Structures are given as structure tokens and as C-alpha cells.
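These numbers were taken from a predicted model, which means no experiment stands behind them.
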Amino acid sequence: MKLFEKFQPLAATRAQLAAFGTLPIGVVTERIVSATEGLIEGRQVILAGTNNYLGLTFDPECIEAAQRAVAEQGTGTTGSRMANGTYGGHLALERELAEFYGVPSAVVFSTGFLATMGVVSTLAGPGDTILLDADCHASIYEGTRLSGADVVRFRHNDPADLEKRLRRLGEGAERTLIVVEGIYSMLGDCAPLAEIAAVKRELGGCLVVDEAHSLGVLGATGRGLCQEGGVEDDVDLVVGTFSKSLGSVGGFCVSRHPELDLMRYAVRSYIFTASPAPSVIASTRVALRILRERAELRERLWRNVHHLYDGLAAAGFRLGPQPSPVVAVEVGSQEQALVWWHDLLAQGVYVNLVLPPATPSGTCLLRCSLSAAHSPEQVAAILAAFLALRPIAGEARGTSVP
Ligand code: PMP
């Protein structure tokens with residue numbers, strides 16, 4: 001079939017990757033043991049490549065809430081939020097999110113991808129402009145494609161480039177959506193939100209921040225980078241996900257603009273998909289309460305971050321620019337990255353292997369992510385596994401080999 005021909009190059013890439021052993025993409029967790037351990041290829045490994053930042057996937061209270069909901073409300077809603085898929089729990093979670101952020105409106109979506117894509121594609125349309133950071137997530141790019149708006153990328157984390165491009169739009173700045181993330185998922189670096197907010201204050205625009213990786217991680221009460229940077233009043237909409245710090249699946253948007261509540265009637269990825277299952281909503285509500293009440297989880301997470309980031313930096317590994325729960329180790333070549341990924345797995349440590357084009361600036365990454373649920377011993381074991389790696393011929397470990 002002609003239409004399938006374009007996928008043939010993928011077969012070649014897959015075969016290349018498989019030549020090194022276990023296929024590093026779509027790795028099978030044969031058994032999940034805890035928030036930080038699983039069985040891969042028959043071996044128990046430390047999971048250092050999840051987004052389980054607060055370690056809540058096995059929290060007893062979250063599990064109990066989900067079990068009760070599935071017993072009482074069934075396995076799924078079988079319908080869209082707009083039809084039969086809005087239960088009391090969905091509305092309660094929206095109220096709780098709005099209250100947490102101190103805003104009038106919140107909308108719950110079925111995934112973070114659908115939230116981000118839906119909000120971006122619906123807020124901006126033909127005749128409008130979207131200015132997005134070049135390193136934005138695929139869901140944001142997808143939203144720009146669907147919007148029909150003019151799409152302009154600005155250099156990653158470069159407020160001066162944003163300012164130049166926004167200034168060029170003149171009056172059009174008022175009809176411009178500016179989209180950035182809190183913590184960027186690949187290198188773990190934060191957006192310079194104070195400077196971005198200052199540009200928006202001066203020139204206009206509507207600022208959307210995707211806090212997928214920063215909810216529960218940053219800010220005095222865990223609201224994310226906007227809270228940490230003191231810019232919440234300048235941000236028009238925050239989008240986020242339940243699939244990281246909250247340990248379930250789903251997405252949300254909150255806004256200080258009450259019009260968000262009307263927007264739900266226009267967002268296609270909200271209208272034309274089934275709503276999250278009651279068990280998902282129930283565990284997410286408990287996880288949100290825990291995120292708010294147990295600041296010690298955030299403290300434990302950051303202790304783990306500094307342990308790993310500082311240890312890898314001291315050993316000469318080339319890392320993302322700042323410590324964060326995403327600790328990305330940049331590797332010079334694809335071959336080195338593959339050899340090291342397998343070596344780490346053989347030592348009982350699973351990390352994400354990220355290869356171009358999914359990485360910024362074409363680098364290969366061994367992307368570690370930390371959890372509050374990692375014990376100090378587990379973090380020490382992850383660090384020790386990296387320290388045991390030896391460069392293959394012609395490659396360096398990092399900028400300065402110890
Ligand atoms: N935005 C960003 C920045 C993300 O990293 C992700 C997931 N990796 C999403 C949105 C999508 O979230 P979800 O997994 O809930 O679809």
C-alpha cells in the first residue's frame with residue numbers, strides 16, 4: 001500500500017536501535033513494583049525516567065480513593081464532558097483547582113496534550129498571531145497548526161527575541177498569544193518568566209504558561225514557576241497535566257479571566273472526547289490535596305535533585321543549565337548514548353533515552369527524572385551507575401573528564 005511507504009525509514013531506524021539490544025523506545029515495564037522500581041527485561045531496576053515527581057502513583061490515600069470511585073461509579077463515563085461525561089467529581093476537581101490557583105475558572109480535560117492543544121488552537125485563530133518558544137512541547141505545536149493563526153517561533157528562553165518579534169507586530173500584539181513552559185521537559189531549564197511578563201506588560205498579548213513539569217515542583221505552595229517567579233497576575237492562562245506530579249492522567253486549564261468557562265463550549269478537544277474516568281478524578285483530587293498539604297514532598301524531591309545534579313556535574317557530565325527534577329545528561333554521539341543507556345539498564349537504572357529530532361539543538365540525552373519517592377540510597381545508586389560509565393573510543397564524558 002502506497003500510503004504506508006513513508007513509514008519504511010522508521011523500520012531502518014528501529015532496526016539500528018535494536019542492534020544494541022533491548023529496544024530503548026517503548027520499553028516494556030513487565031511489572032511495576034513501586035513509584036520508583038519496576039521489572040524490565042526480567043531485572044528489577046530503579047526507575048529514574050518517569051515524571052512521578054511527588055511519587056504519588058502508589059500513595060495509599062490516592063489508591064483508596066480510586067478504588068472507592070471505581071466500585072461506586074464504574075470504570076468510565078463513556079461520554080464527553082458536554083454530554084453525559086460530567087459527574088460531580090469533575091466539577092469538584094475544577095472548583096478545587098480554581099481555589100488552589102485563586103482564580104474564577106478551571107476546566108478539566110482528558111489529557112494534558114488535549115488541554116494544551118485545545119487551548120492554544122481555540123484562543124488564537126485566523127488573523128491572530130501565536131508567538132511560541134522554539135522548545136515548546138509537541139502539544140503546543142499541534143495547537144498552533146490547528147489554530148489557523150500566523151505562527152512565529154522565538155529563540156528558546158530569549159525575551160529579547162520575543163520583544164523584537166512582538167514589537168514588529170505593532171497593534172497586532174494585542175491579538176497575539178505568547179506561549180511558554182514553566183520547566184522545559186528535555187533540559188529541565190526554567191523560562192525567564194519575569195522578563196517575558198515585562199515584555200507582555202509593555203507591548204501587550206495574552207500569556208499562556210504550560211506548567212506540566214513545574215506543578216508541585218516549584219512555588220511556595222507548589223503552583224509552579226508563575227508562583228515561584230511572582231508573576232501570576234501577568235499570566236492569562238496556565239495549562240497543566242495530572243500525569244506528572246499528580247500521578248494520574250488528565251489535564252487542566254485555569255485562568256483569572258472568567259471567559260475560560262465559556263471557552264469550554266468551543267474547544268474541540270474538550271467537546272469531542274470522553275471525560276476522565278471517575279477513578280482518575282478521585283485519585284487526582286486526593287493527590288492535589290496532598291500536593292498542597294505535604295510540602296515535605298517537594299523538599300525531599302529537591303534534596304534528591306541536588307544530590308544527583310551536583311554529583312554528575314562534579315564528575316564532569318554535561319548537564320542541562322540548572323538543577324531541576326529533570327536532569328538531562330548530554331551525550332556527544334548517538335552511539336555513545338545507546339551504549340550508555342544499555343549500560344545503565346544493566347546496572348539496574350532506567351532513564352529516558354532521547355534522540356534527535358525530539359531533543360533541542362540535535363543533542364542526544366540520557367534524561368533522568370527524580371521523584372520525592374526516591375530514597376537517598378536510590379539516588380546514590382543512580383549516581384554511581386553514571387560514574388561507572390566509560391566513554392567509548394573517541395568520545396568524552398562531558399566538558400571536563402574527571
Ligand atoms: N505539556 C508538556 C510540556 C509536556 O511535557 C507534556 C507531557 N510530556 C504535556 C503537555 C502532555 O501531558 P499529558 O501527558 O497529560 O498528555
Starting at OG of Ser283, measure out to CG of Leu56 and round the result to the nearest 0.5 Å. 9.5 Å

Pairing residues for Ser80 by the side-chain hydrogen bond (donor to acceptor under 3.5 Å, both in side chains) criterion, not counting sequence neighbours: none

Arg145: which residues meet the salt bridge (charged side-chain N to carboxylate O under 4.0 Å, His left out) condition with it, sequence neighbours left out? Glu142

Residues, nucleotides or ligands: over 12 heavy atoms within 6.0 Å of Arg289 CZ: yes

Checking Glu330 against Thr363: is there a side-chain donor and acceptor pair closer than 3.5 Å? no

Any chance CD of Glu171 has more than 12 other-residue heavy atoms, nucleotides or ligands included, within less than 6.0 Å? no

Parallel, tilted or perpendicular, judged at 30° and 60°: which one describes the rings of Phe242 and Phe252? parallel

Could you check whether the rings of His90 and Tyr87 sit parallel, tilted or perpendicular, using 30° and 60° as the cut-offs? perpendicular

Which residues pass the side-chain hydrogen bond (donor to acceptor under 3.5 Å, both in side chains) test with Thr77, not counting sequence neighbours? Ser275

His137 side chain to Asp210 side chain, donor-acceptor N/O pair below 3.5 angstrom: no

For the ring pair Phe317 and Phe386, is the centre-to-centre distance below 6.0 Å? yes

With Arg81 as partner, the option from Val108, Ile271, Thr273, Val267 fulfilling side-chain contact (heavy atoms from CB on, under 4.5 Å) is Val108

